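On a predicted model such as this, the values are computed, not experimentally measured, just so you know. Sequence positions, counted from 1, serve as the residue numbers for this chain.
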Amino acid sequence: MRRVAVISLHTSPLLQPGSGDSGGMNVYVRELVSSLSQAGLECTTYTRADREGLPSEVIVEPNHKVVYIEAGPHHLPKEALPEIIDEFTDRVLEHLLANGGADAVHANYWLSGVAAHRIKHELDIPFVSTFHTLARVKSEGGDPEPGWRDRAEAELINCADAICVSCVEEEEQFRRLYGDPKGLIEIVAPGVEHAFFAPGDRAGARAALDLPRAAPVLLFVGRIQPLKGPDVAIRALHALHRPDALLLVVGGASGSSGDGEIERAHQLVDELGLHDQVRFVPPQPHHILSTYYRAADVVLVPSRSESFGLVALEAAACGIPVVANAVGGLKSLVDHGQTGFLISERAPAVFAAAVAAVLDDPMLAAAMSSAAATKARQYTWGFAAARLRRLYTDLTARQLVLGE
Ligand code: UDP
């Protein structure tokens, strides 16, 4: 096992996360591929050229390059991308054949999976998929997806040699919704860059962000779309009944309903009279976020569904208690009552009560902070890459899965 073709069709791992189609998957692909390449694998990530003026390839570091593939007009909404998958796949195959091929293809998200599925059969190599989100999981959380996406995912699941999930909870959910796949299910927990995300000085972080030294600070970080529940965070602040408390909402609009969600969030702030208490902050460079986490007393993650939830991990790595909806990977990341609270009702008042429990009890807050940072230490990209390397090697010694 020497060379891996990584597919990230709809979004480049080199984009800044936090708005549009750029979020946890971009961080996952960039960090994981970086760790794989540092371990000696030759990795090429293929992504679609979505802007004018991009180079044909970027050498990110030794063994690690990103290749921009021209397929369809540059500016296409995500909903139109299924139409260009064939063209994208043709170009990736041309590039692979001209550059010595690959020993495995690893797709991220279903659009990339459709491309990788064809590449598997054309090159006779194992196909690994990390779906990041799945139609049935989103539907269960109240965000229905079209039937054709579900059918496409079912076809990919049927022919994937391995499917990567982030934790036991995600594996259980996968088996419950899709049954047992023919290929392997591998748990590859994402990591966190501990060099950036580590406990630090709260007063210094607040001074850097021009925040009051003593007021309670709640933090929401992520792409703004209904699924992420920024409205729940705002309503939780309201239900807290603490006029001195602040809520920072860091991130930009994402998806077709993203702009509307930002508007709704502003309206909600107006309606609830929270002008002086809510600050909307545009997307921040990934490493800068550590300052925001360190400045916070509590991080809120009220998502309707979440395959993993890197924000919750980054907050924990900075020693900040997390109050999260009890879904998907968040259930494995947050130890209820130890590193934060898991909320099963997604009701703002319940979030507020959990936040108050942390704010009102400095001993509990300190214990949670230390437990969160300790727990987060077990998640590293190096460990995730080691699991993946072993998986790739195992797959080359197995017969390829053949779907009907
Ligand atoms: N993020 C960022 N800047 C921002 C907002 C978010 O770098 O302004 C990053 C954040 O640090 C995290 C990722 O975007 O690594 C979001 O990942 P998560 O798994 O929480 O959500 P997803 O985007 O995958 O739904």
Side-chain angles (χ1 to χ4, degrees), residues 17 23-25 27-28 109-110 130-145 149-150 153 163-178 185 187-190 192 218-236 239 249 251 254-255 257-258 261 265 298-317 320-355 357-358 368 372 375-376 379:
M25 187 182 117
V27 176
Y28 176 95
Y109 196 64
W110 76 274
T130 306
F131 282 101
H132 297 272
T133 65
L134 279 157
R136 291 182 203 173
V137 175
K138 287 188 81 174
S139 292
E140 201 169 56
D143 297 280
E145 286 286 299
R149 171 174 171 186
D150 184 45
E153 286 175 345
I163 292 161
C164 297
V165 293
S166 64
C167 57
V168 176
E169 284 76 6
E170 201 191 351
E171 176 178 353
E172 281 167 6
Q173 188 178 38
F174 181 92
R175 290 191 194 274
R176 180 167 53 75
L177 294 173
Y178 293 91
I185 294 192
I187 297 180
V188 180
V192 58
L218 284 55
L219 176 64
F220 170 99
V221 175
R223 296 174 294 123
I224 309 290
Q225 54 175 193
L227 181 151
K228 294 280 179 186
D231 55 324
V232 177
I234 294 166
R235 289 184 190 281
V249 178
S254 170
S257 45
E261 190 63 10
V298 181
V299 170
L300 301 177
V301 187
S303 310
R304 289 205 281 245
S305 62
E306 200 70 75
S307 67
F308 187 65
L310 283 178
V311 161
L313 177 58
E314 292 157 8
I320 309 305
V322 173
V323 177
N325 194 23
V327 289
L330 296 169
K331 288 195 278 186
S332 74
L333 277 177
V334 179
D335 289 340
H336 183 69
Q338 307 292 316
T339 67
F341 291 105
L342 284 169
I343 308 296
S344 43
E345 289 167 60
R346 205 164 174 269
V350 187
F351 271 82
V355 170
V358 177
M368 281 188 165
K375 183 177 168 93
Y379 295 90

Side-chain heavy atoms of V355 within contact of L218, under 4.5 Å: yes
Minimum side-chain heavy-atom gap I185-V165 below 4.5 Å: yes
Side chain to side chain, V323 and V299, heavy atoms closer than 4.5 Å: no
Pairs touching residues 328-345 that satisfy salt bridge (charged side-chain N to carboxylate O under 4.0 Å, His left out), sequence neighbours left out: D335-K375
Y109 side chain to T133 side chain, donor-acceptor N/O pair below 3.5 angstrom: no
Atom pair CG (D143) and CG (L227), whose distance is rounded to the nearest 0.5 Å: 4.5 Å
4.5 Å side-chain heavy-atom contact, F220 and V311: no
F341: partners by ring pair (Phe, Tyr, Trp, His ring centres under 6.0 Å), with sequence neighbours left out: H336
Atom of L313, atom of P190 and distance for their closest heavy-atom approach: CD2-O, 4.1 Å
Qualifying residues under side-chain hydrogen bond (donor to acceptor under 3.5 Å, both in side chains), relative to R176, sequence neighbours excluded: E140
Euclidean distance, I343 CD1 relative to L330 CG, rounded to 0.5 Å: 11.5 Å
Interatomic spacing from CD in E314 to OH in Y379 - rounded to 0.5 Å: 13.5 Å
S303 side chain to R346 side chain, donor-acceptor N/O pair below 3.5 angstrom: no
Contacts of type side-chain contact (heavy atoms from CB on, under 4.5 Å), residue A372, not counting sequence neighbours: A316, T339
Any donor-acceptor N/O pair, E170 side chain to S166 backbone, under 3.5 Å: yes
Gap between atom CZ of F174 and atom CD1 of I163 - 0.5 Å precision: 3.5 Å
From E171 atom CD to S332 atom OG, the distance as rounded to the nearest 0.5 Å: 12.0 Å
All ring pair (Phe, Tyr, Trp, His ring centres under 6.0 Å) counterparts of F131, not counting sequence neighbours: none
Shortest non-hydrogen contact from V327 toward S305: CG2-CA, 3.9 Å
Residue from Q225, E261, K228 passing side-chain contact (heavy atoms from CB on, under 4.5 Å) with S254: Q225
Euclidean distance, S139 OG relative to L134 CG, rounded to 0.5 Å: 10.5 Å
Side chain proximity check, Q173 to V137, heavy atoms < 4.5 angstrom: yes
pair V301-N325: side-chain heavy atoms closer than 4.5 Å: no
side-chain contact (heavy atoms from CB on, under 4.5 Å) involving R136 - partner list, sequence neighbours excluded: D150, A154, L177, Y178
